[in-house]
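Let me begin by presenting the structure, written as structure tokens, before commenting on it.
The figures here come from the full heavy-atom set of this structure, side chains too, leaving out hydrogens, waters and symmetry mates. Every number for a ligand or one of its atoms is a count from 1 in the order of the listing.
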Amino acid sequence: MRASRSYHNGAMTIAQATPEAIADAAAALRRGELVAFPTETVYGLGGDATNPRAVAAIFEAKGRPRFNPLIVHVPDVAAAARLGRLTGHGERLAAALWPGPLTLVLQRQKDCPIADLATAGLATLAVRVPAHPIAQALLAKAAVPLAGPSANRSGHVSPTIAAHVAADLGDRVAMILDGGATAVGLESTVVDVTGDAPVILRRGGVTRETIARVAGMPVEVATGAADRPASPGMLARHYAPATLLRLDAKEVHDGEALLAFGADLPIHRGPVINLSASGDLTEAAANLFAALRTLDAAGATAIAAMPIPDTGLGEAINDRLRRAATPS
Ligand code: TXA
Ligand code: MG
């Protein structure tokens, strides 16, 4: 890495994702070091998924409970099919929606080289083919599957810009590849395709309607009790700011910050961020996590969140808001 293309802030390094920086990052990954990289959903904390020490370093850096398995990123459908069994509706979803904001839970292949620690010892594996050109370039150069949870400390809000990663994990990574703000802004939709029909384990960047249409069959959304989540990562409180979050707010109290949506805002003099003044759910999803971080730092007594329509991407946005509002 060269000083002209990167800057150092303490031990932390944010690098413009030039071809040279991507090559440096790939070399670091092959040495077992960690690199944060942009995907179209959120930034990931990447490590060589076949290297148990690199995977252990990911858990350690995130402060993540060991039972929570990681998503493995690969460059294309063929690479995914070498790691996990891809058939039937799973194959249809992969063909239509990869690369993209979709993660499929598959049965591991017998010779799957992914470290057991990455899958928390499960017989299944979560795989994703990201669409972001920097993620694609990094996967090509590194030539190993990359374990990549969201690049935040466990339980924090997922990062949608490089500076969010630096704030949470700056001293834990060899490099943060900067690709600007992520386009989708919510994590991938996690779909279990090991059964007779797809089951959504985590709502995300691909809507339930799209999954059902492509699979050609009805799709369930797993609920899972809070203490026994359907997807091991779906703890009730997750994606959380430190400031109390008040949902479904129709008015704003003194001292509160406002997380707004739409054109029709309650009267309010304090900090306000509008997720989308035009009421566009795609724009709101892209702005959500950065807005939560900014309002969390505003020193408000609480964040009052206006109602968001529970359709399309609104289902994933409301899922994240409910989790962020669950008391710790
Ligand atoms: O958009 C995303 O998915 C981002 C980017 C970086 O790819 N990654 C991400 O990873 O959000 P992470 O580790 O924060 O979330 C992974 C989710 C968790 O809810 C985890 O429990 C679930 O996937 N998961 C992983 N392996 C699984 C498995 N074998 N069975 C069921 N759920 C699994
Ligand atoms: Mg996460």
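Ligand 1 has no N or O atom lying under 3.5 Å from any N or O atom of K62, backbone or side chain. At a 3.5 angstrom cut-off on N or O pairs, Y43 does not count as close to ligand 1.
To the nearest 0.5 angstrom, L201 atom CG is 10.5 Å from L104 atom CG.
Ligand 1 places these atoms under 4.0 Å from at least one heavy atom of S150: 8 (N), 9 (C), 10 (O), 12 (P), 14 (O). Listed by number with element, the atoms of ligand 1 under 4.0 angstrom from any heavy atom of G148 are 6 (C), 8 (N), 10 (O). Atoms of ligand 1 lying under 4.0 Å from any heavy atom of G44, numbered from 1 in the order shown and given with element: 6 (C). The distance from ligand 1 to the heavy atoms of L122 drops below 4.0 Å at these ligand atoms: 28 (C), 29 (N). Listed by atom number, the atoms of ligand 1 under 4.0 Å from T124 heavy atoms are 28 (C), 29 (N), 30 (N). Less than 4.0 angstrom separates some heavy atom of H73 from each of these atoms of ligand 1: 5 (C), 6 (C), 7 (O). When each atom of ligand 1 is checked for a heavy atom of R128 under 4.0 Å away, the hits are 1 (O), 2 (C), 5 (C), 7 (O). Taking a cut-off of under 4.0 Å to the non-hydrogen atoms of A126, the atoms of ligand 1 that pass are 25 (C), 26 (N), 27 (C).
Summarising the local packing, CD of E91 is surrounded by more than 12 heavy atoms from other residues, nucleotides or ligands at distances under 6.0 Å. Within a 6.0 Å radius of CG in D264, other residues, nucleotides and ligands contribute 12 heavy atoms or fewer.
Not one N, O or S atom of N152 sits under 2.8 Å from the Mg ion (ligand 2).
At a heavy-atom distance under 4.0 Å, only side-chain atoms of V105, from C-beta outward, approach ligand 1. Residue contacts with ligand 1, taken as heavy atom pairs separated by less than 4.0 Å, do not involve T119 at all.
For L201, the heavy-atom gap to ligand 1 drops under 4.0 angstrom.
Counted by atom type alone, T160 and R293 present zero donor-acceptor pairs between their side chains at under 3.5 Å.
The shortest distance between side-chain heavy atoms of K62 and N152 falls below 4.5 Å.
What you find for A291 and L259 is that their closest heavy atoms are CB-CD1, 3.7 Å. For the pair S188 and T103, the tightest heavy-atom approach, listed with the atom from each and the gap, is OG-OG1, 2.7 Å.
A salt bridge links E40 to R128: one of the charged nitrogens lies within less than 4.0 Å of a carboxylate oxygen.
In this structure, F289 has its ring center at least 6.0 angstrom away from the ring center of H164.
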